[in-house]
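Below you'll find the structure, written out as structure tokens, and then a few comments.
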Number of protein chains: 2
Amino acid sequence: MKVLIVEDDPLHRSYLNEAVRAALPECDGVIEAENGIAGERIAREYKSAHIVMDLQMSTRNGIEAARTIWKERPETRILFWSNYSDEAYVRGVSRIVPDGAAFGYVLKSASDDRLKLALRSIFIEAQCVIDREVRGMQQKSLGHTNGFSDSEYEILVDIALGLTDRTIARRRNLSLRSVQNRLQHLYEKLDVHHPSAKHDGPEHEEERFNLRSRAVTVAFLRKLLNYSALERAEAELGEWLRDR
Amino acid sequence: MKVLIVEDDPLHRSYLNEAVRAALPECDGVIEAENGIAGERIAREYKSAHIVMDLQMSTRNGIEAARTIWKERPETRILFWSNYSDEAYVRGVSRIVPDGAAFGYVLKSASDDRLKLALRSIFIEAQCVIDREVRGMQQKSLGHTNGFSDSEYEILVDIALGLTDRTIARRRNLSLRSVQNRLQHLYEKLDVHHPSAKHDGPEHEEERFNLRSRAVTVAFLRKLLNYSALERAEAELGEWLRDR
DNA sequence: TTCCATGTTGCGGGATCCCGCACATTTTTG
DNA sequence: CAAAAATGTGCGGGATCCCGCAACATGGAA
């Protein structure tokens with residue numbers, strides 16, 4: 001068995017290397033890649049079936065790399081090893097994992113033992129292992145209370161990209177009013193109504209926030225969005241624009 | 001001489017510890033803190049004058065920590081050791097460094113030698129050391145071509161926070177029109193005009209972007225903004241709102 | 001001093017956005 | 001199955017936003 005490590009940081013890379021060797025005596029070779037592009041290439045060359053992947057890498061992030069790898073070989077087992085459990089990452093990962101594929105999501109802050117256990121579970125037992133904290137995030141994002149449905153998330157991404165209502169309507173095949181409707185729901189869930197508005201008088205004073213922009217900001221602050229998610233969304237938008 | 005290391009990641013922390021001991025034989029004690037809060041506390045307790053600080057930390061980021069430390073003891077020498085050279089970080093740092101203070105900015109991707117050299121230059125020679133790449137960013141953000149003036153950056157942050165034109169006007173003591181004027185300049189610099197608009201017919205077709213939101217997005221993608229900058233701006237906004 | 005660059009402010013209007021009111025369709029729930 | 005809760009759509013209007021046109025102020029450069 002060979003294991004491919006895709007990780008930006010040299011320190012983390014060598015740490016992973018050691019952890020893999022210690023946890024998997026049956027492993028007879030560890031290959032390293034220092035960014036997503038190289039990871040994809042090497043995975044293709046060596047037909048790697050066991051990969052440990054960092055999520056945030058400068059030249060090409062782990063989600064993109066994993067997606068292309070899984071597209072070519074859906075049975076590949078990938079363990080994501082990340083610093084963060086942002087909802088944006090969790091959503092990004094669960095969106096691309098193929099049916100029945102074995103994968104894992106472990107935080108870098110996890111203990112040595114947790115990492116090694118995860119390595120064995122996924123690569124030997126073909127069993128999914130998801131960090132407690134990450135699992136919590138996943139649950140929350142599905143539960144209806146305080147959680148965002150896919151359609152709400154979708155429109156959040158669209159306004160984050162800076163699309164107009166009309167463009168969103170065309171892109172998502174909706175009427176203009178429906179788009180605005182979804183926006184209402186989004187604003188409600190993000191709690192970005194006009195905050196300190198006193199409804200005493202009829203005057204329309206103190207509207208402090210531009211709801212559209214504000215929504216994006218609080219989504220960022222709540223880690224529903226992050227740079228990586230924006231980057232991916234921007235790329236998808238680019239494709240759609242090319243297709244008119 | 002004692003050195004305080006403020007760094008999230010255990011691996012990086014121990015690497016730094018070793019580097020400091022190797023580069024500074026005259027150092028007779030290395031203290032470690034694993035987040036910004038602890039860093040501030042320990043710096044206060046030990047009156048640390050020599051600090052190596054990570055910028056992105058989960059509980060409290062390095063810029064905040066450095067600011068409070070420098071507020072109490074402006075002669076403290078701080079070496080920032082960061083993964084990124086985002087303009088947002090560079091601006092954030094240069095905004096808080098006191099007059100005449102010795103500081104440094106080295107990327108984590110720098111070589112061992114560069115790091116050790118920087119440690120000696122700052123802590124022994126009291127000389128500022130700024131990574132080549134970071135310096136480039138700094139220059140660019142000052143140069144008028146392709147660079148953003150302070151006022152433009154200011155309004156960028158304001159719309160990123162989701163403020164309305166009127167609120168921005170009150171906050172920055174400007175007229176409404178001036179705010180909109182600055183926005184025009186910002187849109188121009190970020191190149192977010194209505195892109196594929198055909199001016200042939202009088203019809204107003206194909207306005208794909210909401211300029212306000214779009215501007216924030218491209219600023220993010222160009223790393224003029226990042227999570228840390230948003231977080232700081234949000235905190236400042238909170239203060240201002242409390243003061244009415 | 002005169003001229004020109006830069007920045008601020010007013011006015012006005014077309015395009016969007018935000019959203020209440022209504023109604024139809026779909027899905028969920030009891 | 002029927003009630004209830006989502007969800008999609010149209011209409012309309014008040015508030016904002018985007019921005020051209022134009023008048024001033026300020027501060028150097030010719």
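Keep in mind the model is a prediction, meaning the values are calculated, not measured. These values consider heavy atoms only, across backbone and side chains, with no hydrogens, waters or symmetry-generated copies.
Atoms CG (Leu186(A)) and P (dC17(C)) sit 15 Å apart, rounded to a whole Å. For His185(A) and dA5(D), the NE2 to P distance is 14 Å, given to the nearest whole Å. Here the P atom of nucleotide dT16(C) and the CZ atom of Arg208(B) are 13 Å apart, to the nearest Å. Straight-line distance from the CG atom of Asp165(A) to the P atom of dC17(D): 15 Å, rounded to whole Å. Rounded to whole angstrom, the span from the CZ atom of Arg214(B) across to the C1' atom of dC18(D) amounts to 17 Å. Taking atom CG of residue Leu211(B) and atom P of nucleotide dT16(C), one finds them 11 Å apart after rounding to whole Å. Atom pair Ile168(A):CD1 and dC17(C):C1' shows a separation of 11 Å (rounding to whole Å applied). Residue Glu188(A) contributes atom CD, which lies 14 Å from atom C1' of dT7(D) at whole-angstrom precision.
For the pair Ser85(B) (side chain) and Val134(B) (backbone), a donor-acceptor distance under 3.5 Å is absent. Using modelled atom types, one side-chain atom of Thr68(A) and one backbone atom of Ala65(A) make a donor-acceptor pair closer than 3.5 Å.
Every residue meeting the side-chain contact (heavy atoms from CB on, under 4.5 Å) condition with Glu154(A), not counting sequence neighbours, appears here in chain and number order: Arg172(A), Arg182(A). Remark: Ala215(A) pairs with Ile159(A), Tyr187(A), Leu190(A), Val192(A) by the side-chain contact (heavy atoms from CB on, under 4.5 Å) rule, at least two apart or across chains. In this structure, the side-chain contact (heavy atoms from CB on, under 4.5 Å) partners of Ser109(A), at least two apart in sequence or on a different chain, are Leu107(A).
Sorted by first then second residue, the salt bridge (Lys or Arg N to Asp or Glu O under 4.0 Å) pairs that include residues 228-241 of chain A, not counting sequence neighbours, are Glu234(A)-Arg214(B). Identified under the ring-ring contact (aromatic ring centres under 6.0 Å, His included) test for residues 212-244 of chain B, with sequence neighbours left out: Phe220(A)-Phe220(B). Applying the salt bridge (Lys or Arg N to Asp or Glu O under 4.0 Å) test to residues at least two apart or on different chains, the pairs with a partner in residues 60-70 of chain A are Glu40(A)-Arg60(A), Arg60(A)-Glu64(A), Glu64(A)-Arg67(A). The list of ring-ring contact (aromatic ring centres under 6.0 Å, His included) pairs with a residue in residues 82-106 of chain B, not counting sequence neighbours, is empty.
Using a cutoff of 4.0 Å between basic side-chain nitrogens and carboxylate oxygens, Asp150(A) and Arg91(A) are scored as salt-bridged.
Between Val179(A) and Leu183(B), the residue anchored closer to the 5' end of DNA chain D is Val179(A), taking for each the nucleotide with the nearest heavy atom. Checking Asn173(A) against Ser213(B), the closest nucleotide of DNA chain D that is more toward the 5' end is the one next to Asn173(A).
One finds a side-chain N or O of Arg212(A) lying less than 4.0 angstrom from the OP1 or OP2 phosphate oxygen of dC18(C). The side chain of Arg166(B) contributes an N or O atom lying less than 4.0 Å from OP1 or OP2 of dT16(D). Between Ser178(B) and dT9(C) there is a side-chain polar atom (N or O) within less than 4.0 angstrom of OP1 or OP2.
Each end of the helix from dC3(C)-dG28(D) to dG30(C)-dC1(D) gets its own axis, taken as the rotation carrying the C1' atoms of four end pairs onto the next four within a five-pair window, and the two axes meet at 40° to the nearest 10 degrees.
Among dC18(C), dC18(D), dT9(C), the nucleotide with an atom closest to any side-chain atom of Leu174(B) is dT9(C). The side chain of Asn210(B) has dC18(D) as its nearest neighbour among dT9(D), dC18(D), dC19(C).
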Got a list of protein N/O to nucleotides 20-27 of chain C N/O distances below 3.5 Å?
residue, atom, partner, partner atom, Å
dG20(C), N7, Arg177(A), NH2, 3.3
dG20(C), O6, Arg177(A), NE, 2.7
dG20(C), O6, Arg177(A), NH2, 2.8
dC21(C), N4, Arg177(A), NH2, 3.4

